[in-house]
Student: 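One structure, pasted below without further comment.
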Amino acid sequence: MDFSCVEDCSDCCVRREYHPTRRHGKVGVLLLPGEVGRVRELAAGMGLRAEILPRIGVSGDGGLRVIAYQLMGIDGNGDTCPFLGDGRSPHGGRACTIYGERPLACRAYPLSGLDPVRLDAKCRFCGECGAKGGEDGLAEVGVDGGLGGEEEALREIIGRTAAGGRVWRYATGVCEPGDEHLVCRGWIRD
Ligand code: SF4
Ligand code: SF4
């Protein structure tokens, strides 16, 4: 089966999740350190407010080094990427206004593993093809085509975020209404 986006779907540009636990709050779109400046520039050029927080840090002899950041959603509950426009993409979903310069994480989605191929089970394609998510939220699916660009992007992310040391995650404090008492803000050691 080949991967293709579900007609009219924009879920991955809209919905944000608690990750890795509810305590960490809702995450944004992962940005590598080298992508942060350009994303800020694009947002400024379009008059958009883009909140960028740290996401993953590695501690060692030289203190804490941030190896990934995150672009937060514009809704109070963390949803909706600031770059999601009202125009339509070829599959009918809402179009990304920076498609040609979108972050590597957007290029890789929904691919989350390479050997075997694993997809984020929340991607609507998984639902449509009947794949079930495991406890880690990923689905092993028999996709054998249509993921060339995603594979390349995921390999690049893995290569650029490989780092030794103790891993820390930045809790965003962003949550659904009513969950405020469950979430934290600040660094949490893995
Ligand atoms: S990658 Fe998945 S969730 Fe995102 S638009 Fe395509 S089908 Fe929808
Ligand atoms: S940058 Fe574009 S592709 Fe990425 S989440 Fe935002 S709207 Fe979607």
Side-chain angles (χ1 to χ4, degrees), residues 1-19 25-53 55-56 68-114 117-134 136-154 156-157 160-161 172 174:
M1 178 196 304
D2 281 3
F3 170 79
S4 62
C5 278
V6 172
E7 205 178 320
D8 295 338
C9 182
S10 319
D11 284 5
C12 53
C13 301
V14 174
R15 298 196 184 154
R16 294 292 166 253
E17 59 173 336
Y18 294 111
H19 182 78
K26 294 272 194 92
V27 286
V29 174
L30 184 139
L31 299 177
L32 297 177
E35 295 180 307
V36 170
R38 183 60 185 147
V39 168
R40 283 196 204 286
E41 247 174 47
L42 288 165
M46 297 164 79
L48 300 174
R49 183 179 163 272
E51 185 185 12
I52 296 175
L53 299 176
R55 177 150 168 178
I56 302 171
Y69 291 81
Q70 53 192 327
L71 169 64
M72 302 307 294
I74 54 175
D75 298 341
N77 68 354
D79 280 356
T80 312
C81 175
F83 293 109
L84 187 61
D86 292 324
R88 294 286 137 183
S89 67
H91 70 274
R94 288 172 63 189
C96 171
T97 54
I98 56 164
Y99 190 78
E101 294 199 68
R102 68 198 187 287
L104 272 175
C106 305
R107 294 173 193 268
Y109 194 86
L111 196 58
S112 296
L114 295 167
V117 168
R118 304 190 83 199
L119 303 186
D120 184 339
K122 289 175 298 306
C123 165
R124 258 170 64 188
F125 170 81
C126 290
E128 303 264 320
C129 73
K132 288 194 174 35
D136 57 4
L138 304 180
E140 230 170 86
V141 289
V143 176
D144 48 23
L147 284 164
E150 287 82 351
E151 186 179 326
E152 199 179 310
L154 184 59
E156 200 170 336
I157 292 172
R160 289 214 224 158
T161 52
T172 62
V174 176

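Each ligand, and each atom within it, is numbered from 1 in the order the structure gives. We use all heavy atoms of the structure for the numbers below, so side chains are in, but hydrogens, waters and symmetry mates are not.
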Student: Taking C-beta and beyond as the side chain, do Leu71 and Pro82 meet within less than 4.5 Å on heavy atoms?
Tutor: yes

Student: Considering the heavy atoms of Cys12, write down every atom of ligand 1 situated less than 4.0 Å from one of them.
Tutor: 1 (S), 3 (S), 4 (Fe), 5 (S)

Student: Atom 7 (S) of ligand 1: which protein heavy atom is closest, and how many Å away?
Tutor: Val6 N, 3.4 Å

Student: Side chains of Val14 and Cys81: closer than 4.5 Å at any heavy-atom pair?
Tutor: no

Student: Check whether any side-chain heavy atom of Asp79 lies under 4.5 Å from a side-chain heavy atom of Lys26, and answer yes or no.
Tutor: yes

Student: Among all protein heavy atoms in this structure, tell me which lies nearest to atom 2 (Fe) of ligand 2, with the distance rounded to 0.1 Å.
Tutor: Cys96 SG, 2.3 Å

Student: Show the atoms of ligand 1 that are less than 4.0 angstrom away from any heavy atom in Arg124.
Tutor: 2 (Fe), 3 (S)

Student: Do you see an N/O/S atom of Cys13, backbone or side chain, under 2.8 Å from atom 4 (Fe) of ligand 2?
Tutor: no

Student: Give a yes/no answer: is there an N/O/S atom of Cys81 under 2.8 Å from atom 6 (Fe) of ligand 2?
Tutor: yes

Student: Among all protein non-hydrogen atoms, which one is nearest to atom 8 (Fe) of ligand 1, and what is the separation to 0.1 Å?
Tutor: Cys9 SG, 2.3 Å

Student: With a 4.5 Å heavy-atom cut-off, do Met72 and Ile52 have their side chains touching?
Tutor: no

Student: Is atom 2 (Fe) of ligand 1 less than 2.8 Å from at least one N/O/S atom of Cys126?
Tutor: no

Student: Please work out, at 4.0 Å between heavy atoms, whether the side chain, the backbone, both, or neither of Pro103 comes within that distance of ligand 2.
Tutor: side chain

Student: Do Arg94 and Asp86 have side chains that approach each other closer than 4.5 Å (heavy atoms only, starting at C-beta)?
Tutor: yes

Student: Less than 4.0 angstrom from a charged side-chain N to a carboxylate O is my criterion; do Glu101 and Arg38 meet it?
Tutor: yes

Student: Students should be able to answer this: which protein heavy-atom is nearest to atom 6 (Fe) of ligand 1, and at what distance?
Tutor: Cys5 SG, 2.4 Å

Student: Measure across Phe83 and Thr97 and return the closest heavy-atom pair with its distance rounded to 0.1 Å.
Tutor: O-OG1, 2.6 Å

Student: Please identify which atoms of ligand 1 are closer than 4.0 Å to at least one heavy atom of Tyr109.
Tutor: 1 (S)

Student: What protein heavy atom is closest to atom 4 (Fe) of ligand 2, reported as residue, atom name and distance in Å?
Tutor: Cys106 SG, 2.3 Å

Student: Any side-chain donor paired with an acceptor under 3.5 Å for Ser112 and Asp120?
Tutor: no

Student: For ligand 2, which atoms sit closer than 4.0 Å to a heavy atom of Val29?
Tutor: 5 (S)

Student: Tell me whether Arg16 reaches ligand 2 (any heavy atom closer than 4.0 angstrom to a ligand atom).
Tutor: yes

Student: Measuring only between side-chain heavy atoms, which start at C-beta, is Leu53 closer than 4.5 Å to Glu51?
Tutor: yes

